[in-house]
S.K.: 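Have a look at this one.
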Amino acid sequence: MQEAMINKAKQLLADGTVNRVMGWKRGEFVYDITPAVFETAEEIDADFVCDDFTAANVSKYLVKESRKEGKILAFLKPCDTYSFNQLVKEHRIVRENVYVVGIPGGPKLDAEKIKAKGITGILCVKNENGTLKIDTLYGEETMPYYEAILGKCETCKSRKHVVYDELIGEEGEVITAEDSGRFDMVEKLENMTAQERYDFWREQLSKCIRCNACRNVCPACTCENCVFDNPASGISNKAAADSFEENMFHIIRAFHVAGRCTDCGECSRVCPQNIPLHLLNRKFIKDINAFYGEYQAGEDTTSRAPLNNYDKDDCEPSIVHERGVE
Amino acid sequence: MSDKLKEQILRSSGSNVLKCMRCGKCSATCPSYDEMEYHPHQFVYMVEKGDIEKLMSSDSLYKCLTCFACVDRCPRGVEPAKVVEAVRLAAVRRQGNNHLVPTDIPGMLDDDLPQQAIVTAFRKYTK
Amino acid sequence: MQVNENTNFEPVIVAFCCNWCSYAGADLSGTNRLNYPTNVKIIRVPCSCRVNPMFILRAFQRGADGVILCGCHPGDCHYTSGNYFTRRRITLLYSMLDFLGIERDRTRLEWVSAAEGAKFAATMQEFTDAVRKLGPNRRLEDLRCRKQ
Amino acid sequence: MQRIGVFVCHCGTNIAATVDVKAVAEALGHEPGVVISREYQYMCSESGQNLVKDAIREHNLTGVVICSCSPRMHENTFRKAAAAAGLNPYLVEIANIREQCSWIHKDIASATEKAVILGKAAVAKVHLNAPLIAGESPVVKRALVIGGGIAGIQTALDIAEAGFDVDIVEKQPTIGGKMAQIDKTFPTLDCAACILTPKMVEASQNEKIHIYSFSEVTDVKGFVGNFTVTIKRKARYVDETKCTGCGLCTEKCPMKKVPNEFNMGLDNRTAIYIPFAQAVPKVATIDPNYCMMMKTGKCGVCSKVCSVGAIDYKQEDKFIEEKYGAIVVATGFNPINLDKYDEFAYNQCADVVTSLELERLMNAAGPNGGTLLRPSDKTHPHTIVFVQCVGSRCDDEKGKPYCSKICCMYTAKHAMLIREKYPDTEVYVFYIDVRTPGKNFDEFYRRAVEQYNVHYIKGMVGKVTPKSDGKIDVQASDLIANEQLHINADMVVLAAAIEPDKTARPLATMLTTQMDTNDFFTEAHPKLRPVESATAGIFLSGACQGPKDIPETVAQGSAAAAKAIGLLCKNSITCNPCVAHSNELMCNGCSACEKVCPYGAITYQDKEFRMPDRTTAIRRVASVNPAVCQGCGACTVACPSGAMDLNGFSNSQIMAEVDAICK
Amino acid sequence: MLRIPVAKSDELFAAIASQQTLYLPADRKDGQAEYRKWEEGVKLSSRLNTVRSAKDFFFPQTENLAEFRMEGKKIEVIDIRKESEDFVIFGVRACDARSFTILDKVYLVDPVDTFYQTRREHGTVVTMACTRPAETCFCQTFGIDPTEPEGDVSCWSDGSYYYFRANTDKGQKFLDSLSSLLEDGDTAALEETKAKTKEILSKLPLAKVSTENFGGDKLNEYFRSEKWGELSESCLGCGTCTFVCPTCQCYDIRDFDTGHGIQRFRCWDSCMYSDFTKMAHGNPRLTQLERFRQRFMHKLVYFPANNNGEFGCVGCGRCLSKCPISMNIVKVMKALEEK
C-alpha cells in the first residue's frame, strides 16, 4: 500500500497535477508518526510512511493548505473523507486545490494500548496472524492484535470514501450502527442512573488538563477565533479552574460541533488523559439520529445540518424526561 | 356551621358553583323537575348562598335520578347532579349510623311488606 | 433523586422569555394578578432562539438552581421559525445535560403564548416547586460563585 | 466611567403597594456606575418624564434604568424622553417591576427584594448598552386587504380614498362576506343588501382597488413596509376578463342539484354559478366537484352557450407575487358547527335552524322568496322558539368561552320582523341575559317586548324533541316562574356562537402575528392599539379580532385603514436598530447563520483581510442587511465562533443580566 | 543501607500518612498512572511515569493569588494564603526530581515566588530509581542518572526491598520518623539491579541524543534556522506538551468575577497558544512557527543562557508519547543539528 501511494505521489508531482503531498512522516519509533507536507520525490522516498500507526486525520491541515498556491495531493482514509467533505461544505477547504486520493482505512494501532499492557521499551511491532509481536528492550512481548486497535477504529462507521479524485485499493461499505457498535457505550451510559452518569463523567472530566488537544485536532473546530480563547465571549478560560469549567468546556465544544461532527474520533485519540470525549459527540449524533432522522455529517456537501434545520413536528425537549433512567 | 357544610359539599362534589351563569339549562333538561321542590339550578344557587339546610330537609334530594343530563348539558361545566349528590351525602352522613329508628317502624308496616324485610332492614341500618 | 430536607431553601430560577409571546404571557399573568413565586426572575430576549446554551450554563454557574426557557408555541413564532430551531437546540442541550447526570428537572422548555397568563403562572409555580424539591444545584455549580 | 440614572415608578399604588419603592431606589443607588436614583409617583406622566430628562441633562447620564411597568407598555415612552434630552434612546432599559413583580407578589419584603434584583439586572445590562442608530427602509405604497367582507371592503375603500393602491384577496367567488347573506340590519331594520351592494360596486369600480376574488394568500415574506405576498388565484374555469356575468350558462347548466352555500344549503344551485345577483365580480365560477364536463368529460353546455368564450375547463391555479407596504387582515367569522349539541336536535330536524339560516329563509332572494316557511314542509310556522347562547359563554370543553355579542340584537330583530310580518305567530325567546350595550340597542329590544309582544323568558332550553306530527317539543325552564315549560313549536332558531374563520390560523402563522386561544387575532394593545397586530405593518379589521356587529366592524375597518394609510404615507420607515451584526474578523464563513435566517438577511462576501500573522488572506465572511434583519437572534446561536451578535441583546448584555439575577 | 521489605509497603505508607499527607503514583483504570493521595488500598504504581508530572505539587495548574471585594467605592484586597501542610511525594522519578531544580531556578530567585516557595518548604520529595526505562527516555542527555535519583530522600527497589538514603536534612528527618520500620541491610542485590538498568540505559534508542550542539551561545545559529517552518507545520498549537512537561513554568494571571468579589488566580499557560504573552499592543509571536520556536529555543538555548548552561528539559519523554502529532524536542534537536 505504502509503495503504491509513494508511486502515485511521485507521479502526480512529476506530471504537475500537484505541487505538494499531504501525508505522514516517520519518526524516532514505530509509532510516533507526524503529518507532513512533502514537496519532492526525495523527501517522499526518505520519510513518507503509511502503516498501522498513521492514524492522524490530515483533513484539517487542508483548511490552510488548500488556500496556498497550487494543488495539494491528500491521501485520505475513509473516515478522513467525511471530515474533508464537511469542511468543503462549510467553505473551509477550497476543494479545487486538493487532489484527493482515497486510501484504505484502518484498523490502526494505538501505542498507548500496548504501553497500557505494561509493555515498555517498544522497538518494533508486527502483526502475525492476529498476534502482535513486539520487540522491546526487555525482549519480545506478545499481545492479541485486536486489543491494540485504536479506539476510533474499533467502532469504525464506514469503509467508504465519500469524496475522492482517485482511489487506491478497493472501495468499502458504510457500516451500520449495529455492526459498528459505535453507540453501545452511549447507550450503556443512558441506561445508568443520573447519579452513575454524573459520577462517570466527573471521574473522566476531572482528568482534563485543558491542553486543548481535542479542540485543536478536531476537524470541526476551525474557528478563526475559538470562543474559549476570546475574552469577549464571556466564557473564555485557559485552565479548568473548577469542575464547572471542565463541564462547560466540553458541553459547549460538543454543542458547537453537534451536527457537524463526523465522528472521526480524533478527540479521544489525542487526549493525553484518555478521556472518552467522543462519547459526548456520539451522544449528540445518536440523539440527532433518533429525533430528527439519520444524519451523517460529511456524507455530502449539500444537505442541511440538523441544527440549522427543523421540522414542524419535531419532538419536544420533554422527550428527555420521558425516556431512559433518571 | 353552614360555611363548614358548604365547604364540605363543595369539596365532595368537586364542583365550582361560582361558574354558574344562571341559565337554568340544568332545570330545563331535568326529567324529575316536576317532582322537585328545589330544582337543579336552585341547588347550585342555594349551595352557593350557603342556604343548605332547606335542601337537606327537602325531599328533592331523593328525587334526583342522577341521570347526569344536567351535567352533560350545563354549558359552564358546573355539574349540578354532583352538587345534589353531595348534599344528599351530607344528609346521609348527618343521620349517622342510625338510618332506621324503632319509632319509624310502625308507620312502615303494611300488608305487602314482609315483616322479615323490616326486621332485616332494622338490623342492617341500625348501629 | 435526592430530596432536599432543608425546607428553607429558596431556589434561584432564571426564566428566558421571548418578547412576543412568553414575556407578554408573563405580563398577562401580572395583569390578571396571578401569583407565582418570587424566585422566578425573567430575562427578556427577542426570541427563544436568541438563547445560547452558553446562557443556560452561565446561569447554573452563577448560582441558578433552575433554568426555564419560554417561547411562542411552535408555528406561532414572531420570526416564523425561531422557536423551531430553539426546540432542536434545547432538546439536544437538555439531553446532553441529562447525559452528564444533571438533574432533568432543573431545565425546562415551555411554550407560552401571549394569551396564556394563567399557564405562565402555573408553569412557574410548578417548575419552582420541582426545583425546590431537588435542592440546591450542586452538579453544575461553580464553587467559586457560591454565596458565602 | 458610566453615569447611570435609576428611576423607580410607584405607578400610584400599583407598584408602591407591594414594593417598597424607596428601598429599591436606595439599593440601586449603590450599584456601580449609578449616580442618581430617584422614585416618583408616575414616571410615565409628563412630570415623571421631565424628571428623567432633567437628570439626563444635569448628570450627563450615559444610561437610564426605569423600574416600572412592562417594557411592552412604556419602553418607547422613555426612549423618546431620553432622546428628547439628548441621550441615545437605546441607552434606556426597563426593569419590569409591575407586571412581573408587584402585581404577582403579595409579600412586600420578597417583592421588594425581587424588584431590586430586577433593577440590578437592568443596571448590569445598561452598562453594556451601546448607542444605536436606527436605519431606514422604503415603504411599498400598496396595501393588501385579506378578506372581502364589509370590514375588508370598508378598509380598502378608505385606503383607496387616501390615494393608495389596495388589493383585496377574497377566497369566495364574490366579495360581500356575511353581510351579503343578512336580510335586515339592527337596530334600524334597513335592508343589508341595500347598504352593502353599493359599497361592493364602489370597490369594484375604484381604480385604486384591485379585487382578487376566489383567491387565497399562500405565503408572506418580508416585513413592515416591504412584504412579499404570494396569492393563489384558484381556477374558476371561467376567464374573468371575458365573462360578462350574463348568467346564461347558469340557466342552461344541467347539473342543478348542488347545495347553495349562499343560502346555507337551504336550496340548490347549478354547477356553474354566480353566488347571487349582485355578486362582485359578477363572474361565473364552475364547481369542479359537480360539473359533468369536469367529472366525466361529457356536457360542455356552458361552453356552448357562452357567447364570449369565457369557459376554460383546463384553467389551473395561478400564483402571483405582489409587494405590499401594509397588510390588513379582515378574515371575519363563521357560526360554529352545532354537531355536538345533540339536545337541540339541529341535525335531526330540518325545522331547527341557525339564525343565519333564518336570515336566508326570510330574505327576498332566499329559498322561499322572502316568505317564512318551515324548511321541512314549506308550511307557515305558528310558534317559533329562539334559543340564545348556543355554544357561547361555555366552559372550554362545551363551546366558546366568550359572548358572541351580536346574537341578542339579531334575535330581537328576527323576533320583531316575524311578529311584524306574521302577527299570528307566537315568538318565544329563551335568554340568559339580554345584552344590549349599543346606541339605540336597548330601545330596540324593548320594542320587541313592548310593541311586538315577543315572549322573552329567562331560562334555557334543555331539550328539543322533534315529534312525529312534525311539531317540535321544546323543554325549557322559566326561571322567574320557577317552572319547567314544554312548548309545542313549529320552528326552533338557534343563536349559534360565532368563531373566527378557519383560514385565520394558518394565515396568522404566515403573518407571524399572534392569536388568542380562540383564534381571534391579538391586538397590539387591548385598549390603546386595538386595530394593530403586534407585528408591525399588519392591521386588524372586523370580526377576525373579536365578535363585532356591523357598525363596529365598519368603524374598525376604517380605523385599520387609517393606520395603514399612516404607514403608507411615509416614504420610509425607521428600522429596528436591534439587529444582528457579524464580526468579520471572527467569522468563518461557514454559512450556518444564513441557514437559520428566516429573512434571508445574511449574505457572504470574499474579503481581503490582514491576518494576525501579518499576511493577507481572502476570507469568506458573512454580512447582515440591517434593513432586512428583524433581530430574532437565531444566527447568533448558530454561529459557533460567536462572530454574530445582536444589538440590544448582545451575548455580554444577556450574560450580565444572568449574572446579576443569580448573584 | 536502610531498607524495608516491599511486602511491608502498606505499613510504610500508613506510617508516613499518619504524619503528613502522602502522594504517590497509582494506577488508573486506563493503564496510566497519576499521583494520588495515599489511603488504605492505594498501591504504588509500577509504571515508569505519571501522565502529569510531579511539578503539580509545587506549581499547580490553577492557584488563587488574592481576592478583591468591592463595597461602594472601596476595594478590599484579601490575602487568601493559608498555612500550608507538610506533605510527602513518594516515588518521584529522577527526571521529575531534576525538574524541581529547574523550577527553583525560576521561582526561588529574586523575586521569590512565595506561593511556590511555601510549597517547596513543606514538601518532602522521595524519589524512586528507575529499573525499566522506556524507549522515550533520554534523561541521560541532560546528565541525569536514573539509577541515582536526587530528592530529599532517594529510594531504590530491587524487587524485594526498598532502600533509602537521605540527601537533605529534611530527608534525614523523614527517615528518622520511620526508623521503627526501617532496618539496615546489605545492598548487593540492589547493585545488581542497578547494573542491569545501566545496561539497558546504554541501549536506549535515544541514548545518543546529546546537548553538545545546544546552549546559550547558539541563539543566532538556530533562531533563523529554516527548519522551523517544516518542524512547526504540523503543530496543532495545543498545550499538551507544555502541560505534561515537568519543567514548563509559564503561567497567566486572570481575574474571575465570582459575583460577590474578584478572584485573582494564575493558571498554566502555554507558549503554543495564540494568546500567549498577548499584551495591550497585541502579540509578539503571531505565527505558530514563532510560538513553536519559542518553546524549543527556550529549553535549549535561552534557559541555559541564563542558568549556567543548564537546559530546560529533563528528558522524561512525556511529550514524546503525548503529542497528538508526535512532534517533539528530540525531533527538533535532531533536525536542527542536521546541516
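Note on naming: letters A, B, ... go to the chains in the order of the sequence lines (proteins, then strands), and numbering restarts at 1 for each one.
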S.K.: Does C/R44 pair with D/E75 as a salt bridge, N-O distance under 4.0 Å?
M.R.: yes
S.K.: Check whether C/C21 gets within reach of chain D through its side chain, its backbone, both or neither, counting any heavy atom under 4.5 Å.
M.R.: side chain
S.K.: Which value, rounded to the nearest 0.5 Å, describes the distance between C/N52 atom CG and D/M655 atom CE?
M.R.: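 Taking CG in C/N52 and CE in D/M655, the distance rounds to 7.5 Å.
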S.K.: Counting only heavy atoms closer than 4.5 Å, note whether C/V67 contacts chain D via side chain, backbone, both or neither.
M.R.: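 Looking at C/V67, nothing touches chain D.
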S.K.: Highest number of heavy-atom pairs under 4.5 Å with chain C: which of D/N14, D/D659, D/L646, D/T513?
M.R.: D/D659
S.K.: Can you tell me how far the OG1 atom of C/T31 sits from the CD1 atom of D/I104, to the nearest 0.5 Å?
M.R.: 10.5 Å
S.K.: Sort D/T522 into side chain, backbone, both or neither according to what part of it lies under 4.5 angstrom from a heavy atom of chain C.
M.R.: neither
S.K.: Measuring heavy-atom distances to chain D, does C/F60 have an atom under 4.5 Å in its side chain, in its backbone, in both, or in neither?
M.R.: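 For C/F60, neither part sits under 4.5 Å from chain D.
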S.K.: Kindly compute the distance separating CZ (C/R50) from CZ (D/F649), expressed to the nearest 0.5 Å.
M.R.: 9.0 Å
S.K.: D/E113, D/M515, D/H105, D/K106: which one forms the most heavy-atom pairs within less than 4.5 Å of chain C?
M.R.: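 The residue among D/E113, D/M515, D/H105, D/K106 with the greatest pair count is D/H105.
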S.K.: Working to the nearest 0.5 angstrom, can you tell me the gap between D/Q514 CD and C/C77 SG?
M.R.: 9.5 Å
S.K.: Counting only non-hydrogen atoms closer than 4.5 Å, does C/V14 touch chain D with its backbone (N, CA, C, O), its side chain (CB onward), both, or neither?
M.R.: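 Only the side chain of C/V14 comes within 4.5 Å of chain D.
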S.K.: What part of C/A121 gets closer than 4.5 Å to chain D, counting heavy atoms only: side chain, backbone, both or neither?
M.R.: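 For C/A121, neither part sits under 4.5 Å from chain D.
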S.K.: Can you tell me how far apart NZ (D/K663) and CZ (C/R62) are? Round to the nearest 0.5 Å.
M.R.: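 Reported to 0.5 Å precision, the distance equals 9.0 Å.
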S.K.: Pick whichever of C/D27, C/V45, C/D65, C/V12 has the most heavy-atom pairs under 4.5 Å with chain D.
M.R.: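 Max contact count across the listed options: C/D27.
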S.K.: Quick check against the 3.5 Å criterion: does D/K114 have a side-chain atom that pairs as donor or acceptor with the backbone of C/V40?
M.R.: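 Yes: the side chain of D/K114 pairs with the backbone of C/V40.
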S.K.: When only pairs under 4.5 Å are counted, which of C/N32, C/N39, C/N35, C/T38 shares the most heavy-atom pairs with chain D?
M.R.: C/T38
S.K.: At a heavy-atom distance under 4.5 Å, which candidate from C/S29, C/P37, C/C145, C/P53 has the highest pair count against chain D?
M.R.: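 Top option by heavy-atom pairs under 4.5 Å: C/P37.
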S.K.: Quick check for you: to the nearest 0.5 Å, what is the distance between D/R72 atom CZ and C/L28 atom CG?
M.R.: 10.0 Å
S.K.: Looking only at heavy atoms and a cut-off of under 4.5 Å, which of D/S110, D/C101, D/C69 has the most pairs with chain C?
M.R.: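 Option with the top pair count is D/S110.
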S.K.: Quick check on D/A121 against chain C: is it the side chain, the backbone, both or neither that has a heavy atom closer than 4.5 Å?
M.R.: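 For D/A121, neither part sits under 4.5 Å from chain C.
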S.K.: Which atoms of D/K595 come close to chain C, meaning under 4.5 Å heavy atom to heavy atom: side chain ones, backbone ones, both, or neither?
M.R.: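 Contact with chain C is through the backbone of D/K595 alone.
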S.K.: Relative to chain D, which segment of C/Y36 carries a heavy atom at a distance below 4.5 Å: side chain, backbone, both, or neither?
M.R.: both
S.K.: In terms of heavy-atom proximity below 4.5 Å to chain D, should C/N19 be classed as side chain, backbone, both, or neither?
M.R.: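 Both parts, backbone and side chain.
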